[in-house]
A.B. asks: 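This structure is in structure tokens; I'll ask about it shortly.
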Amino acid sequence: MTASIPTLPSQYDPSTTDAKWQTYWEENSVFKADPEHEGDPYCVVIPPPNVTGSLHMGHAFENTLIDLLVRYQRMRGRNTLWLPGTDHASIAVSAILDRELHAQNKTRRDIDRQDYLTRAWEWKEESGGTIVNQLRKLGVSVDWSRERFTMDEGLSTAVVTAFKRLYDEKLIYRGNYMVNWCPASQSAVSDIEVENKEVDGHLWHFRYPITDGSGYMEVATTRPETMLGDTAVAVNPADERYTHLVGKTVTLPIMNREIPIIADDYVDATFGTGCVKITPAHDPNDFEMGKRHNLSFINIMNKDGSLNENAGEFQGQDRFEARKNIVKRLDSDGFLVKIEDYKHSVPYSDRGKVPVEPLISTQWFVKIRPMADRALDFLDHHHEPVFVPERWTKVYRDWLVNLKDWCISRQLWWGHQIPAWYVISETDGEITDKTPFVVAANDVDAQAKAEAQFGTDIQLLQDPDVLDTWFSSGLWPFSTMGWPESTKDLDTYYPTTTLVTGFDIIFFWVARMTMMAGHFTGKMPFQSVYIHGLVRDENNKKMSKSSNNGIDPLILIRKYGTDALRYTLVREVAGAGQDIRLEYDRKTDESGSVEASRNFTNKLWNASRFVMMNLDGQTPEQLGHPDEAHLELSDRWILSRFHQVSRLVGTQLDQFGMGEAAKELYEFTWGDFCDWYIELVKSRMHQDSAPESRRVVQQTLAYVLDGILRLLHPFMPHITEEVWQTLNQITDGRVLALQRYPIADDALINPDLEKQFELLFGVIRTIRNLRAEAGVKPSMAIATILQSEQSAERTILTDGQVYIQDLAKVADLTISETAPTEKMFAGVCGTVQVLVPLAGVVDVDALRGKLEKDLGKIEAEIKSIGGRLNNPGFVTKAPEAVVQGARDTLAEAEKQAQILQDRLAQL
RNA sequence: GGACGUAUAGCUCAGUUGGUUAGAGCACCACGUUGACAUCGUGGGGGUCACUGGUUCGAGUCCAGUUACGUCCACCA
């Protein structure tokens, strides 16, 4: 399974490793959940991607975050389930099929529903797996045995059950109302599927003649074509300019229809002329006004956006073509006053990408207030669910408060057909607004139910419409686990623990789930909702299909490896919910930030390789826990750091601090472990070093490396699994993914020791700096004198003598209480004076320059701290510890200044 | 019109409840291939913390306001 250690290449190759472990984990059902598993349940349901989708950076980001959390919790011993699946995406699939049909010069209406659905399922079987297979390439630790699709039999049962119950509870109703109509998909859409776009349009001013010939009323509109359906002109009742006209009529141009002048508070007297044309059948505000004033509702439009028989000579024209022609006609008839440029927002259909048309039609609605109020109650009285970051709570809450009834019927075929059967025999074989209907779980029940009411001699027809895709998505957290049946999975894993998703989906999905779950399960479907930000492109622009600026995660995976991409996405996450930016060069497909992460994987690879080459073929288990009795200072130090970092990482991950944890691990692995510890112990690894010392180094290296692999596994699952298998010479099928996450052993955390090493490292850096300044070749060993008046410091230096010699290339190290007075390169670290005697080599000017530079810095500090300490307010009001800290710092700075001044004087 | 987010090094971003001289990665400069790694190592340069005012002994951090960019919601024809 794994390569033998001596043959490991010096460059990590993710391409084979990624695929190898993805296959292995899946084939061995490593992530299959078991309700009987010990530990507290930890469950996440995937935000189901559209079956029509292909993996974009947003998916990669979201699923990387989820996988990180899930793998972490699994390794913490939780009874973990991450449930995958896809969404049937009613409108998107319809659009694809319509395109296919269009290519054959057909439309949906040319084939029957059964054929259409057959094609749809065929498409789903062929192409629906794309996104799922791409998800696999991220290394997601989902339970594929529980994969769900929103149109699976079970989930469809859940949908029908939910619909029927809501209907029986009078929370679903059918009625004739104004809805958002998408002429592209020729279906109603819900309010949130409408996106308002700012466009540069025009404001057309027309004048309508007052019927009695006493003059004109000037109205303005952004939609001239709707004038054909005008049934009134409105003014504000308090507008004295027009009060004498209220009750009179105007004659609608072109149509020559006499329509009333009405007064309504809705009209803003200060806008334009203060007169508004009213088109009750084509504008939501006018619709309301039409109801208030009993106006007639004249629909002038067909479902495809062309004008109908009520549009007179304009019948058959597309709405935008008609607009031009109507303006032309009004102009030639002398009714056009002026055309102004006007910036305004136009409602566009989210999916259809065309302006939506407010249209009156008969649709099914969910009466939303009772459900929304239930969700609000959970939020206000139980603080459920908890949003991370917290600020999204307000967004979620405000939306629930203002929510209007939800239009759930779609005039499409792909989706869950509405389980309502019309007794069409009562209305001449047609479905009309008056046709009686029954709502039932299936056609057999419907038949029985209808017969009970209308006798046996009846004809039934199921409602042709399907349900809004979000209706089924709203049931996702529990329908996927078997609801409405009561199942072991529901029992164990529901409510789920955390939902990870984007803010753009709070309204579409999160709120629908909380409402549905509150209603049907009496519980919130998840304890917490982690809202992540967007991945922006290299120019900080939102990635979108329309701007064609997406960055393909699979390209980056191929170039740098899955773990590198995952790690990049995670480490960029700062505060939760912040957008992240991804560097990218579109010419070369290179990304600086992913490359940096790739370098990190390579660093880990080589450090591991080096460690393994020095273990004489022994595994961490064979070597045993680092032997307390023989630990040397550097071993104790790295163990202290390791446990410190384990603690920090655990704490961070427990509160969604994924980015912070990632950075912590990066610094520990690369900095503490590779740059310092491995370098510190290299001399002890040689075959000829003292056996006890060598053995404890092997133990410590193996132990810490094993720990690093565990800590990093949720972030970079593939490389860590690969190395861990090699390190532990696994032959029995064990996987790192199921090992325990390191838990900090506080007894091994030693802050004093870490401080001592800070001093040693500081001295080493100072010597290296002096060497560089003096131009000493890296290969040349030098003599160094370390002077400190403090015996404690001299003890630390003496204890770490070997480390200083090894890492600063010092052949002859002297540690003394007093300093010699010869000309030497000098620096300070804390109150330790570092002297490098370079007989005959010392460049006095270079030396003076360096000393003066150092001194300048220190004097600036002395001035700053001294100033503070001379301020009586600071000394009397600041906490004692802070004042003392300042005094200590000042004393040290003064000491450093003294040393440097003495050195300068000696030149 | 309302709400929210962001502004710190050339770039991407950290900076906990206010408390030493504001940090990291990338990029840049110098040196370097000693047996893990040049996808590397060592050292270095680089910041008026958007602006204005306030609170405080002390502000990148708290408060008020301003500006810029971004996002969401609601929209007057």
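Order of the sequence lines fixes the chain letters, A, B, ..., with proteins taken first and strands second; residue numbering starts at 1 for each chain.
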A.B. asks: Applying a 4.0 Å non-hydrogen cut-off, can you work out what A/Arg768 is touching in the nucleic acid: base, sugar-phosphate, or nothing?
C.D. replies: sugar-phosphate
A.B. asks: For A/Asn602 and for A/Val875, locate the closest nucleotide of RNA chain B by heavy-atom distance; then report the residue assigned to the nucleotide nearer the 5' terminus.
C.D. replies: A/Asn602
A.B. asks: Would you classify A/Lys542 as touching base, sugar-phosphate or nothing, given that sugar-phosphate means primed atoms plus P, OP1 and OP2, and contacts are heavy atoms under 4.0 Å?
C.D. replies: sugar-phosphate
A.B. asks: In terms of heavy-atom contacts, does NZ of A/Lys197 have more than 12 from other residues, nucleotides or ligands at under 6.0 Å?
C.D. replies: yes
A.B. asks: Look at all strands and tell whether A/Ala886 reaches a base, only sugar-phosphate, or nothing, counting heavy atoms closer than 4.0 Å.
C.D. replies: nothing
A.B. asks: Nearest heavy atom decides the nucleotide; on that basis, is A/Ile865 or A/Asp675 closer to the 5' end of RNA chain B?
C.D. replies: A/Ile865
A.B. asks: Which whole number of Å gives the distance between the C1' atom of B/rA38 and that of B/rU42?
C.D. replies: 13 Å
A.B. asks: So A/Trp670 and A/Phe600, would you call those rings parallel, tilted or perpendicular, with 30° and 60° as cut-offs?
C.D. replies: parallel
A.B. asks: With A/Arg771, which residues qualify under salt bridge (Lys or Arg N to Asp or Glu O under 4.0 Å), at least two apart?
C.D. replies: none
A.B. asks: Determine the contact category for A/Ser864: base if any of its heavy atoms lies under 4.0 Å from a base atom, sugar-phosphate if only primed atoms, P, OP1 or OP2 are that close, otherwise nothing.
C.D. replies: sugar-phosphate
A.B. asks: Is any side-chain N of the basic residue among A/Arg586 and A/Glu538 closer than 4.0 Å to the acidic one's carboxylate O?
C.D. replies: yes
A.B. asks: A/Arg536 near the nucleic acid: base, sugar-phosphate alone, or nothing, with a heavy-atom cut-off under 4.0 Å?
C.D. replies: sugar-phosphate
A.B. asks: Polar pairs (N or O, both sides) under 3.5 Å between protein and nucleotides 3-8 of chain B?
C.D. replies:
{"residue": "B/rG5", "atom": "O2'", "partner": "A/Gln578", "partner atom": "OE1", "Å": "3.1"}

